[in-house]
Amino acid sequence: MWFTGRALVMALMFLGFGAYFYYDAVSGYPRKNLEYFMHKTFVDAGALFDREGRLNGAGSGEWERTVQSRMVEFPEDYEIPAGVDRKGTPWPAVLADYDLMSAPGKGWSAAWQAYSAERQYPLKPVEQPYDGSKIFEQWVAGSICMALAAAALFLLVRTRGRKMALEDGRVTAAGRQFRVEDIARLDLRRWKMKGLAHAVLKPECGKARIRLDGLTYGGFRKEDSPNNAEDFMKALLARYQGEVIDYEEAPEAAEVSLPKKSADANTDHDV
């Protein structure tokens with residue numbers, strides 16, 4: 001369960017990230033582009049209203065006709081949602097409200113607040129739109145995450161189909177089988193800290209280096225005894241007679257007794 005739980009978490013994490021990146025590429029970024037260019041339309045409308053309405057004296061009727069004749073501009077390099085007409089989306093009708101556009105200190109921003117609330121757009125959109133290269137990056141990142149998720153699931157399935165065992169003098173580990181007598185060297189330097197060991201086979205067996213993964217296979221919980229990894233290693237060492245590499249435990253520091261100064265050494269004597 002130690003390995004299974006972590007493999008599942010990794011797979012689900014990469015799947016989640018991949019789905020998020022794909023969502024941004026398909027829907028998220030195009031929608032944010034739509035919000036950006038719609039907001040830009042309100043900013044442009046405010047500048048046009050100041051120029052045409054206030055400076056040139058255009059009335060409400062003329063301003064309404066101006067708004068009705070305008071189309072939202074969506075540059076070709078930026079994707080927008082599929083249901084939006086790139087060349088035939090008129091300016092929002094709220095921009096034709098002359099009284100709202102001419103309100104002191106509000107103008108186009110008041111119109112945008114009303115429009116964005118109706119469409120559930122953010123009051124402040126992104127500072128810059130996302131071009132094709134940014135969307136392509138989301139596709140690449142999503143594909144990488146999906147590949148990593150597939151790798152994690154593959155490792156999970158492969159590992160779940162394997163075991164580490166010692167049966168009648170034959171060792172099963174890392175998808176291979178070999179005899180205890182085939183081992184030339186047993187490396188236990190990482191067994192105590194990491195639960196990992198390596199069995200190096202003899203030259204006639206190909207000198208293969210077999211990984212003995214105690215955390216993945218068996219674990220070290222006492223309640224799983226006699227089927228945990230520690231019991232496996234004890235049984236293997238009981239049968240194995242070859243070379244073992246392990247860290248030597250540092251001997252306990254010997255106590256050094258310092259000679260005590262005699263009372264006379266600290267006593268002044270009269271000469």
Side-chain angles (χ1 to χ4, degrees), residues 11-150:
L12 291 175
M13 181 184 71
F14 286 126
L15 283 173
F17 279 127
Y20 183 79
F21 286 129
Y22 282 158
Y23 169 79
D24 272 345
V26 174
S27 178
Y29 278 13
R31 179 178 172 84
K32 290 178 181 179
N33 285 344
L34 173 63
E35 295 165 357
Y36 174 86
F37 288 114
M38 293 304 299
H39 180 266
K40 183 177 183 300
T41 297
F42 279 75
V43 175
D44 294 342
L48 181 63
F49 182 83
D50 289 340
R51 184 171 62 251
E52 297 294 332
R54 295 178 179 176
L55 299 182
N56 298 336
S60 60
E62 186 176 349
W63 173 247
E64 182 177 357
R65 288 191 293 273
T66 299
V67 170
Q68 292 175 350
S69 64
R70 297 277 178 156
M71 297 292 172
V72 180
E73 295 182 3
F74 296 112
E76 294 293 335
D77 293 338
Y78 300 93
E79 291 189 24
I80 57 176
V84 179
D85 189 347
R86 182 180 292 274
K87 296 182 179 180
T89 300
W91 277 16
V94 68
L95 289 173
D97 189 334
Y98 189 87
D99 294 335
L100 185 61
M101 294 292 291
S102 59
K106 296 183 178 181
W108 68 266
S109 62
W112 171 252
Q113 289 181 16
Y115 181 80
S116 61
E118 178 186 352
R119 296 298 183 96
Q120 297 183 343
Y121 290 169
L123 191 60
K124 186 177 181 181
V126 294
E127 295 183 358
Q128 295 292 334
Y130 299 99
D131 59 14
S133 63
K134 293 294 184 181
I135 293 179
F136 179 73
E137 289 176 2
Q138 300 305 300
W139 283 111
V140 173
S143 299
I144 291 174
C145 287
M146 289 301 181
L148 291 173

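Throughout, residue positions are numbered sequentially from 1 according to the sequence presented.
Atom-to-atom distance recorded for Ser109:OG and Met101:CE is 9.0 Å, nearest 0.5 angstrom. The structure places OG1 of Thr41 at 10.5 Å from OH of Tyr36, a figure rounded to the nearest 0.5 Å. Rounded to the nearest 0.5 Å, atoms CE (Met13) and CG (Leu148) are 8.5 Å apart. One finds the OH atom of Tyr23 at 12.0 Å from the CD atom of Gln138 (value rounded to the nearest 0.5 Å). Going from atom OG1 of Thr89 over to atom CG of Leu34 covers 8.0 Å, rounded to the nearest 0.5 Å.
Across all their heavy atoms, Trp91 and Val72 have their closest contact at CD1-N, 3.8 Å. Taking every heavy atom of both residues into account, Ser116 and Pro122 meet most closely at CB-O, 4.2 Å. For Val67 against Leu95, the heavy-atom pair with the smallest separation is CG2-O, 3.7 Å. Minimum interatomic distance between Leu100 and Ala110 (heavy atoms only, all atoms of both residues): CD1-CB, 3.7 Å. The two residues Ala19 and Met146 have their closest heavy-atom pair at N-CE, 3.6 Å. Closest of all the heavy-atom pairs between Ala149 and Ala11 is CB-O, 3.7 Å.
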Atom pairs and distances, donor-acceptor, side-chain atoms in residues 78-86, under 3.5 Å, two or more places apart:
residue	atom	partner	partner atom	Å
Asp85	OD1	Lys87	N	3.2
Asp85	OD1	Gly88	N	3.1
Arg86	NH1	Phe74	O	3.4
Arg86	NH1	Pro75	O	2.7
Arg86	NH1	Tyr78	O	3.2
Arg86	NH2	Tyr78	O	3.0

Which donor-acceptor pairs under 3.5 Å do the side chains of residues 123-132 make with protein atoms, sequence neighbours left out?
residue	atom	partner	partner atom	Å
Asp131	OD1	Ser133	N	3.3
Asp131	OD1	Ser133	OG	2.7
Asp131	OD1	Lys134	N	3.1
Asp131	OD2	Ser133	OG	3.4

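Annotation for Tyr121: atom OH counts as buried by contact number, over 12 foreign heavy atoms lying within 6.0 Å.
Outside the 6.0 Å centre-distance limit, the rings of Phe49 and Trp108 are not counted as a close aromatic pair.
Between His39 and Trp112 there is a side-chain heavy-atom pair separated by less than 4.5 Å.
With sequence neighbours left out, the ring-ring contact (aromatic ring centres under 6.0 Å, His included) criterion links Tyr22 to Trp139.
Of the possible donor and acceptor atoms, none in the side chain of Ser27 sits under 3.5 Å from a partner among the backbone N and O of Asp24.
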message: Checking Glu73 against Asp44 for the side-chain contact (heavy atoms from CB on, under 4.5 Å) test, could you report, in this order, the C-alpha distance in whole Å, the side-chain angles of both residues, the deciding distance, and whether it holds?
response: CA-CA 11 Å; Glu73 295 182 3; Asp44 294 342; 5.9 Å; no

